[in-house]
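Here's the structure, in structure tokens; my notes come after.
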Amino acid sequence: MTVRPLIAGNWKMNGLATESSAELKALIAKLQAADTGACDVLICPPATLVFQMAELAKGSNLNIGGQDCHAAEKGAHTGDTSAAMLKDAGATYAIVGHSERRTDHAETNEIVKAKAEAAIAAGLIAIVCVGETLEQRESGETLSVITDQVKNSLPAGATAQNTVIAYEPVWAIGTGKTPTPADVAEVHAHMRGDLNGLMQDADGVRLLYGGSVKGSNAAELMALDNVDGALVGGASLKAEDFWPIVETGLA
Ligand code: PGA
């Protein structure tokens, strides 16, 4: 890994206050017992728990983030959460453009870009997700789809400090399937190349891999060139499952 890694957990729509607090406390205890100076660690709980988890994480090395934010600063958007609200609740990151949002909520690159810009304007680090479907992979379109998503979802004013890109093949999310290490390395090198044409400090941008990352495959994936961390769904829900993945970022 060439830049400071980020190991991020995305709890999705999972977690109630009591069980989630217990898992978060267990994770914080592990972080405090380890030397985590070399790696950033993040949990993105559901919006209802951002404030509470951020309070628990205060004074530790654990960052808390949102899973989405609205592109507008405020207004008549029932049920949505603004980036400033996430920040106010204690978040420092926001995931935008996760494939589940792109699919379930018809989010286009344009919307994702606007959301990333809103996150950055509120002082959050935007984690912009991209990834091909199985159909796109099988028809040989992976690299062109990724280029299109990176180019058109990248926020204006993106820097290595305010933007992270997560490559998450849609078919690998929650399925137990992962691309081969060679395939991941190919896409990550390609994304780095794309970013080099779009921004100045592209070499410093963290490029995460996500999609069925677990303790047993994390080390191999994290060792690849241009893989600077992981975005983890299912295996981030329990501290004992997430910890071995965090450890690959500390190595
Ligand atoms: P998964 O999810 O680790 O459960 O495959 C990854 C993600 O959607 O971020």
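We count ligands from 1, going down the list as the structure has it; atoms in each ligand are counted the same way. Nothing fancy with the numbering, it's 1 onward along the sequence. Quick caveat: nothing in here was measured; it's all calculated off a predicted structure.
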Please identify which atoms of ligand 1 are closer than 4.0 Å to at least one heavy atom of [X].
| X | answer |
| --- | --- |
| Gly174 | 1 (P), 4 (O), 5 (O) |
| Asn10 | 9 (O) |
| Ala172 | 5 (O) |
| His98 | 7 (C), 8 (O), 9 (O) |

Handout entry: Close side-chain approach of Leu42 to Ile127, heavy-atom, < 4.5 Å
Key =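 With C-beta onward as the side chain, the pair touches.
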Exercise for the section: Could you tell me whether the side chains of Thr81 and His70 share a donor-acceptor contact shorter than 3.5 Å? Expected result: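 Not at all, the side chains of Thr81 and His70 share no donor-acceptor pair under 3.5 Å.
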Practice task
Please round to the nearest 0.5 Å and tell me the distance separating atom CD of Glu220 and atom OG1 of Thr248.
Solution key: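 Atom-to-atom, Glu220:CD and Thr248:OG1 are 12.0 Å apart.
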Exercise for the section: Give a yes or no on whether Lys12 atom NZ has more than 12 heavy-atom contacts from other residues, nucleotides or ligands under 6.0 Å away. Expected result: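 Atom NZ in Lys12 is packed in, count exceeds 12.
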Handout entry: Heavy-atom neighbours of Glu55 CD exceed 12 at 6.0 Å
Key =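 Atom CD in Glu55 is packed in, count exceeds 12.
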Taking only non-hydrogen atoms of [X], do any sit less than 4.0 angstrom from ligand 1?
| X | answer |
| --- | --- |
| Gly211 | yes |
| Lys214 | no |
| Ala235 | no |

Exercise for the section: Could you tell me which non-hydrogen atom of Arg137 sits nearest to which non-hydrogen atom of Tyr167, and how far apart they are? Expected result: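 Where Arg137 meets Tyr167 most closely, the heavy atoms are NH2-OH, 3.3 Å.
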Note the single closest protein heavy atom to [atom], along with its residue, its atom name and the distance in Å.
| atom | value |
| --- | --- |
| atom 4 (O) of ligand 1 | Gly234 N, 2.8 Å |
| atom 3 (O) of ligand 1 | Gly233 N, 2.8 Å |
| atom 7 (C) of ligand 1 | Glu168 OE2, 3.1 Å |

Practice task
From the options Arg102, Lys115, His98, select the one residue that forms a side chain to side chain donor-acceptor pair (under 3.5 Å) with Glu107.
Solution key: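 The residue from Arg102, Lys115, His98 that satisfies side chain to side chain donor-acceptor pair (under 3.5 Å) with Glu107 turns out to be Lys115.
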Practice task
Please go through Phe51's hydrophobic cluster and name the other residues, only I, L, V, M, F, W, Y counting, with side-chain heavy atoms under 4.5 Å joining them.
Solution key: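 Traced through the cluster, Phe51 reaches no other member.
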Practice task
For ligand 1, indicate whether the residue Ile173 contacts it via side chain, backbone, both or neither (heavy-atom separation under 4.0 Å).
Solution key: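 The answer is both, backbone and side chain.
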